[in-house]
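Everything numeric here is computed off the predicted structure, so don't read it as measured data. Throughout, a chain's letter reflects where its sequence line sits, starting with A, and its residues are numbered from 1. Computation of the quantities below employed the complete heavy-atom set of this structure, encompassing side-chain atoms and omitting hydrogens, waters and symmetry-equivalent molecules.
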Amino acid sequence: MASNAEVERIFVEIGDLLDLLGEQRFKVEAYRRAARTLESLGEPLERIAARGELERIPGIGDALEAKIREYLSTGRLEYLEKLRQQVPPGIRELMRLPGVGPKTARRFWVEIGVEGPLELAQAVEAGRLRGVAGFGERKIEQLRQGLAALGAGVDGGSRRPLLDAWEIAEELRERLRASAPVDELVVAGSLRRSRETVGDLDLLAISREPAKVFASFLALPGLIEVRSKGDTKSTILLAPGIQVDLRVLEPESFGAALQYFTGSKDHNVHLRTLAREKGLKVNEYGVFREEERVAGRTEEEVYAALGLAPIPPEIRENHGEVEAAAAGQVPTLFERSSLRTDLHLHLPLQGEDAALAPWAERALGLGYSELGVVVENDDEAAERIRRLRPTAPTTAGAKTTLRVRFGVEQEGASPLPPPEGAEYILLRPSVGGTPPKTEAPAESLPRFLGHLEAEDPAAVAGRVGWVEWALRDRLPVEVGPRPERTGLDSGSLRSLAARGVRFLPSARSERSRELARIAVSVGLLRRGAVSATQVLLGLPEGTPKKRRART
DNA sequence: GCCGTTTTCGGCCCGACTGTTTTCAGTCG
């Protein structure tokens with residue numbers, strides 16, 4: 001079965017090939033725009049095609065619709081195959097080199113006669129680029145380094161899972177805040193939109209001393225390469241192979257820059273087109289009428305200047321949100337600040353986090369009033385809960401209280417009843433299996449459908465039964481920060497929400513500092529346009545306090 | 001190639017940085 005990702009890749013390839021062949025840029029852009037749209041579609045193309053609604057996808061017209069249909073029905077695309085015959089396969093690879101776009105790649109091919117990275121490397125070493133117009137010493141050195149990095153697989157060109165990117169970004173922010181005079185430092189880009197994968201990091205800072213900020217930035221540990229440096233913007237490559245952009249701005253422009261660098265690109269193009277129609281101009285410094293800046297300090301200002309209600313970052317994909325904002329009908333998304341609990345954390349056996357105190361402190365910092373420790377439902381469960389219970393803090397500080405709850409985790413129906421002290425059950429779906437029967441006696445504990453993480457994408461994809469399970473038994477579904485391992489990406493969340501499923505966000509922590517990862521889980525829920533009414537904020541009240549002890 | 005309550009033709013977002021240039025093209029986001 002053809003997946004959206006396959007069609008997406010095909011359109012990207014067509015875009016590249018047309019670009020290399022010197023086709024007009026708007027045609028090239030049309031294929032790339034369509035590819036981006038497909039990436040964030042959230043619904044299988046085959047379903048849309050079956051409804052006859054392909055042309056309703058923004059950026060898909062007659063020609064692209066016909067190509068999608070051809071591929072869906074035959075698994076091939078004649079147009080692509082013809083294009084491939086015109087360009088050697090290695091030429092596309094050349095475009096992955098930093099500083100090499102379609103024009104330069106084409107010159108390598110036509111003028112130098114190389115057909116891929118290996119041949120280019122040989123040509124560089126043989127000095128065949130010397131004296132060629134447009135290739136000075138620095139350009140050649142840049143190529144040499146780029147080729148070496150390409151061979152070593154550290155080109156920073158690949159996307160990584162949202163959570164990994166988030167953790168890198170958090171660490172960067174901490175370091176920069178400690179070492180540079182910044183008044184504000186935020187992450188924009190696809191990370192702020194909570195995209196499931198993130199290519200590079202976009203940092204924005206407000207500072208009165210940009211030079212000092214850039215100096216700190218260029219001295220970050222783990223820096224592999226400085227890709228550009230200027231007065232307002234610098235780009236580096238960090239050791240994990242991730243590219244990081246930093247822009248330093250004045251407060252007057254911060255909202256406009258945040259809006260602009262959060263994207264998505266297609267969302268921004270839409271806004272700018274709208275602005276032109278209103279006689280305005282939008283750039284990263286503000287919204288302008290003639291020379292006068294009419295907005296820019298905050299994002300809300302920018303949207304308001306265009307006659308739009310504020311649009312949450314997570315849904316800025318040009319999938320109709322701009323039209324909705326113009327009509328004042330932006331969906332109200334779940335807010336992290338309303339969350340009062342995290343019911344899925346595991347205490348390690350040793351170390352500082354084996355005790356509840358550090359967890360409680362972090363939880364209070366996040367504004368929680370409740371925290372749920374989960375143990376495996378086995379013969380030791382009651383004993384583990386009993387050991388922790390006396391240390392459970394009930395208050396911290398003068399007013400805030402934190403209630404620590406205990407739950408058990410099990411796969412489907414357990415032969416063991418819940419142990420003494422357990423207040424809820426986290427059910428794990430089994431891999432590839434059908435959902436077990438889960439009779440629900442009236443007095444039973446609240447139950448949630450936890451997620452099972454799998455490294456293997458096939459195992460994730462093969463786990464089909466649990467959706468039916470959640471629907472059949474009306475079980476709230478846990479949403480964690482690793483969609484690539486659970487299969488619960490924003491598209492799935494959106495369709496589950498539409499079918500009435502409720503959600504329980506968790507950080508799935510095994511260390512107390514990981515509680516902060518709830519930001520990622522909530523981001524995914526928001527990207528799935530999940531509203532506050534569909535999220536469980538804490539354990540339902542009325543939980544039976546006394547359980548019959550097992551014997 | 002897409003798109004349209006000013007258009008079915010003629011537009012298509014906007015700016016920073018780089019390298020190699022004497023005023024700019026290419027790349028990138």
Visitor: Pairing check on dT18(B): which nucleotide meets the Watson-Crick or G-U wobble criteria with it, both distances under 3.5 Å?
Guide: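 Matched dT18(B) with dA25(B) under the 3.5 Å cut-off.
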
Visitor: Please list residues of residues 202-210 of chain A whose heavy atoms come under 4.0 Å from any atom in DNA chain B, ordered by number; otherwise none.
Guide: Asp202(A)

Visitor: Got a list of protein N/O to nucleotides 19-23 of chain B N/O distances below 3.5 Å?
Guide:
from    : atom 1 : to        : atom 2 : distance (Å)
dG19(B) : OP2    : Arg138(A) : NH2    : 3.4
dT20(B) : OP1    : Gly136(A) : N      : 2.2
dT20(B) : OP1    : Gly136(A) : O      : 3.0
dT20(B) : OP1    : Lys139(A) : N      : 3.3

Visitor: Would you call Asp245(A)-Arg227(A) a salt bridge at under 4.0 Å N-O?
Guide: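 Result for this pair is no, no salt bridge flagged.
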
Visitor: Tell me if a side-chain donor or acceptor on Gln534(A) pairs with a main-chain N or O of Phe503(A) at a distance below 3.5 Å.
Guide: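 Not confirmed, Gln534(A) side chain does not pair with Phe503(A) backbone.
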
Visitor: Test ring pair (Phe, Tyr, Trp, His ring centres under 6.0 Å) on Phe108(A) and Phe135(A); report intermediate values, then the result.
Guide: CA-CA 11 Å; Phe108(A) 287 142; Phe135(A) 291 96; 5.5 Å; yes

Visitor: Determine the contact category for Lys265(A): base if any of its heavy atoms lies under 4.0 Å from a base atom, sugar-phosphate if only primed atoms, P, OP1 or OP2 are that close, otherwise nothing.
Guide: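 Base, at least one base atom sits under 4.0 Å.
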
Visitor: Without swapping roles, check the side chain of Arg159(A) against the backbone of Thr197(A) for a donor-acceptor pair under 3.5 Å.
Guide: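 Yes.
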
Visitor: Base of dT7(B) relative to its sugar, syn (within 90° of 0) or anti?
Guide: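 Glycosidic conformation of dT7(B): syn.
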
Visitor: When we call it a touch if two heavy atoms are under 4.0 Å apart, what does Ile60(A) touch: a base, just sugar-phosphate, or nothing?
Guide: sugar-phosphate

Visitor: Looking for any heavy atom pair under 4.0 Å, which part of the strands does Val282(A) touch: base, sugar-phosphate only, or nothing?
Guide: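 Val282(A): backbone/sugar contact only, no base atoms under 4.0 Å.
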
Visitor: Do any side-chain nitrogens or oxygens of Arg276(A) fall under 4.0 Å of OP1 or OP2 in dC14(B)?
Guide: yes

Visitor: Taking atom types as they are modelled, is there a donor-acceptor pair under 3.5 Å from the base of dG29(B) to the side chain of Tyr260(A)?
Guide: yes

Visitor: According to the interplanar angle, ranging from 0 to 90°, do the rings of Tyr31(A) and Phe11(A) count as parallel (below 30°), tilted (30 to 60°) or perpendicular (above 60°)?
Guide: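 Answer is perpendicular, since the angle exceeds 60°.
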
